[in-house]
Chemist: 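Take a look at this one; I'll ask things after.
Just so you know, ligand 1 is whichever comes first in the structure, and atom 1 is the first atom listed for that ligand. Every value quoted in this text rests on a predicted model; they were computed, and no experiment measured them. Both backbone and side-chain heavy atoms feed into the values below; hydrogens, waters and symmetry mates do not.
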Amino acid sequence: MGKRKFFIDTDTATDDAVALLIALRHSGIEVLGISIVAGNCPAPSATQNALYTRDLVGSKVPVHVGADRPLMRPLQTAQHVHGIDGMGDIGLPLNGRNPDSFKGVQALIDAILNNPGEVELVTLGPLTNLALAIQIEPRVVNLVKRVVIMGGTAVLPGNITPLAEFNFWVDPEAAHLVANSGIYFEMAGWDISVAHAVIDDELAADLRKLGPLGEFAIDIQGVLREFCINSSQFEGFDLPDPIAMAIAIEPSIVTKEKSLYVDVIPGDGAARGQTVVDVLNNLKKTPNCRVIYAADRDRFISMLRNSLSS
Ligand code: RIB
Ligand code: CA
């Protein structure tokens with residue numbers, strides 16, 4: 001059996017970078033491409049961050065620049081969480097690398113059309129690129145094999161507003177379109193990161209000892225760690241994108257799930273980007289989402305260790 005075919009959409013900042021390492025270093029996965037979406041930081045920075053991370057592991061996976069703003073509103077970044085450069089502002093040389101194209105949405109469409117029924121799409125940022133792909137080429141809905149989304153919250157309040165998780169909040173219209181596109185998606189919400197992917201100082205120090213990739217993965221998290229300790233009241237920093245990637249690679253690390261109808265609130269106001277999980281099937285709509293409620297932390301940490309070990 002050949003390698004599984006992944007395509008990754010990312011707003012590359014400090015947790016995305018670790019998720020990219022997990023995928024790029026996995027022997028059973030062929031990453032067909034990486035598309036960049038504006039989110040954590042502006043698209044040019046996210047592009048350089050993805051290219052830098054790719055180069056760290058000697059990968060030649062094509063990086064394609066996609067949407068530099070949400071569908072219908074100005075971009076609002078999370079540079080206060082991940083640093084101005086998106087990679088912790090530790091002085092990494094994050095410039096001068098050239099992306100493979102500026103056609104990220106078309107690259108996503110082409111990967112799916114050229115590999116019907118085979119592509120496992122993992123989204124790590126706002127859903128702008130995926131929404132545009134669906135609008136341009138609706139066939140992607142039925143030809144993509146899987147869609148694993150880091151986004152939303154199933155049970156927790158939000159992390160950017162009391163009601164919304166950042167990826168869904170940045171481009172709520174895109175998230176609403178994807179949720180109602182006919183795609184059946186898997187939602188690894190921020191809940192999963194809070195519950196199973198918080199890295200405290202002791203574990204961070206241990207991971208850092210794994211070698212250069214361990215040092216990179218930890219050293220870029222300083223701004224995120226300060227934000228998490230001071231704002232989210234965590235005992236360290238959390239890694240939402242890496243645990244979503246781990247779930248994409250090994251679906252069985254999910255320990256509690258339910259197939260439900262999920263929507264995302266578009267527009268402005270307090271509910272912008274809120275995840276609506278129809279637990280009691282009040283809306284009588286066909287389930288469109290594998291809602292992930294719990295995962296195996298030990299298996300996630302083990303995957304993380306393997307990815308960061310020299
Ligand atoms: O809410 C967490 C998500 O928003 C993660 O994907 C993080 O990288 C940011 O994009
Ligand atoms: Ca992200």
Side-chain angles (χ1 to χ4, degrees), residues 7-23 34-43 45-50 53 63 66-70 75-88 104 121-130 147-172 174-175 178 185-199 217 220-225 227-228 231-232 234 237-248 264 272-275 292 300:
F7 194 97
I8 302 169
D9 189 65
T10 170
D11 59 339
T12 316
T14 62
D15 64 318
D16 304 67
V18 178
L20 289 177
L21 291 180
I22 293 173
I34 295 169
S35 54
I36 301 299
V37 63
N40 280 319
C41 49
S45 293
T47 301
Q48 292 301 321
N49 298 345
T53 304
V63 173
D68 64 1
R69 73 201 65 193
L75 173 64
Q76 291 175 274
T77 73
Q79 287 167 286
H80 61 294
V81 177
H82 296 279
I84 299 302
D85 66 10
M87 297 283 265
L121 171 64
V122 185
T123 70
L124 305 175
L127 295 174
T128 316
N129 285 341
L130 179 52
V147 178
V148 180
I149 293 173
M150 191 285 130
T153 55
V155 293
L156 280 185
N159 58 8
I160 189 71
T161 74
L163 295 177
E165 175 278 328
F166 179 77
N167 287 337
F168 285 7
W169 176 83
V170 166
D171 196 343
V178 169
F185 60 100
E186 303 174 46
M187 184 174 80
W190 187 56
D191 330 64
I192 300 306
S193 184
V194 172
H196 309 298
V198 173
I199 310 295
I220 60 175
Q221 312 295 346
V223 177
L224 175 64
R225 178 183 175 279
F227 177 83
C228 288
S231 173
S232 311
F234 294 163
F237 59 87
D238 70 313
L239 291 175
D241 291 342
I243 195 166
M245 183 62 74
I247 288 168
V264 180
R272 167 184 165 182
Q274 181 175 12
T275 316
I292 296 163
F300 162 59

Chemist: Any atoms of ligand 1 less than 4.0 Å from a non-hydrogen atom of Phe166? List them with their elements.
Modeler: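 In order of numbering, the contacting atoms are 1 (O), 4 (O), 9 (C), 10 (O).
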
Chemist: Testing the basics here: between Ala188 and Ile247, what is the closest heavy-atom pair and its distance to 0.1 Å?
Modeler: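 Scanning both residues, the minimum pair turns out to be CB-CD1, 4.3 Å.
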
Chemist: Check the angle between the aromatic planes of Phe234 and Trp190 and answer parallel, tilted or perpendicular using the 30° and 60° thresholds.
Modeler: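 Taking Trp190 first and then Phe234, their aromatic rings sit tilted (interplane angle of 30° to 60°).
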
Chemist: Which atoms of ligand 1 are found less than 4.0 Å from any heavy atom of Asn167?
Modeler: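 Taking each heavy atom of Asn167 in turn, ligand 1 has 3 (C), 4 (O), 5 (C), 6 (O), 9 (C), 10 (O) under 4.0 Å.
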
Chemist: Which angle, to 10 degrees, forms at the Ca ion (ligand 2) with OD2 of Asp16 on one side and O of Leu124 on the other?
Modeler: 90°

Chemist: Run the numbers for me: atoms of ligand 1, each under 4.0 Å from some heavy atom of Met150, listed by number.
Modeler: 2 (C), 3 (C), 5 (C), 6 (O)

Chemist: Decide, counting backbone as well as side-chain atoms, whether Asp15 has an N, O or S atom less than 3.0 Å from the Ca ion (ligand 2).
Modeler: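 Within the cut-off used here (under 3.0 Å), Asp15 places no N, O or S atom near the Ca ion (ligand 2).
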
Chemist: Considering only protein heavy atoms, which is closest to atom 2 (C) of ligand 1, and at what distance to one decimal place?
Modeler: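 Checked against all protein heavy atoms, atom 2 (C) of ligand 1 sits closest to Glu165 OE2, 3.4 Å.
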
Chemist: Check Asp241 and report its N/O/S atom nearest to the Ca ion (ligand 2), by atom name.
Modeler: OD2

Chemist: Taking all non-hydrogen atoms of both residues into account, name the closest pair between Val155 and Asp191 and its distance.
Modeler: N-OD2, 2.6 Å

Chemist: In the protein, which heavy atom is nearest to atom 9 (C) of ligand 1, and how far is it?
Modeler: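 Protein heavy atom at minimum distance: Asn40 OD1, 3.1 Å.
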
Chemist: When you look for heavy atoms under 4.0 Å from ligand 1, do you find them on the side chain of Asn159, its backbone, both, or neither?
Modeler: side chain

Chemist: With a 3.5 Å cut-off and no angle check, do the side chains of Thr12 and Asn49 form a donor-acceptor pair?
Modeler: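 There is no such pair (donor and acceptor under 3.5 Å, judged by atom type) between the side chains of Thr12 and Asn49.
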
Chemist: Examine the proximity of ligand 1 to Ile160 and report which part, side chain or backbone, both or neither, has a heavy atom under 4.0 Å away.
Modeler: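 It is neither; nothing of Ile160 touches ligand 1.
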
Chemist: Output the distance between atom CD1 (Ile149) and atom CE (Met187), rounded to the nearest 0.5 Å.
Modeler: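 One gets 9.0 Å once the value is rounded to the nearest 0.5 Å.
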
Chemist: Closest approach of Met150 and Gly189, non-hydrogen atoms and distance?
Modeler: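 Shortest heavy-atom contact: CE-C, 3.8 Å.
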
Chemist: Are any of the N or O atoms of Asp16 closer than 3.5 Å to those of ligand 1?
Modeler: yes

Chemist: Looking at the Ca ion (ligand 2), is one of the N, O or S atoms of Ala19 less than 3.0 Å from it?
Modeler: no

Chemist: Run through Thr128, Thr123, Asn129 and flag the one making a side-chain hydrogen bond (donor to acceptor under 3.5 Å, both in side chains) with Asp9.
Modeler: Asn129

Chemist: Is there a side-chain contact between Phe166 and Asp11 in this structure, where contact means two heavy atoms from C-beta onward sitting under 4.5 Å apart?
Modeler: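 Yes. Closest side-chain heavy atoms under 4.5 Å.
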
Chemist: Could you tell me, atom by atom, which parts of ligand 1 come under 4.0 Å of a heavy atom of Asp241?
Modeler: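 Ligand 1 atoms under the 4.0 Å threshold to Asp241: 5 (C), 6 (O), 7 (C), 8 (O).
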
Chemist: Using a strict 4.0 Å cut-off to heavy atoms of Asp11, name the atoms of ligand 1 that fall inside it.
Modeler: 10 (O)

Chemist: What are the two closest non-hydrogen atoms of Gln76 and Val170, and how far apart are they?
Modeler: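 Looking at all heavy atoms of both residues, the closest pair is O-CG2, 3.6 Å.
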
Chemist: Which N/O/S atom belongs to Asp11 and is the closest one to the Ca ion (ligand 2)?
Modeler: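 Output for this pair reads OD1.
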
Chemist: Between Ala43 and Ile36, what is the shortest heavy-atom contact and its length?
Modeler: O-CG2, 3.8 Å

Chemist: Identify, for atom 8 (O) of ligand 1, the protein heavy atom at the shortest distance, and state residue, atom and that distance.
Modeler: Asp15 OD1, 2.5 Å

Chemist: Which of the atoms of ligand 1 are close to Leu124, meaning less than 4.0 Å from one of its heavy atoms?
Modeler: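 Here the atoms of ligand 1 in question are 6 (O), 10 (O).
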
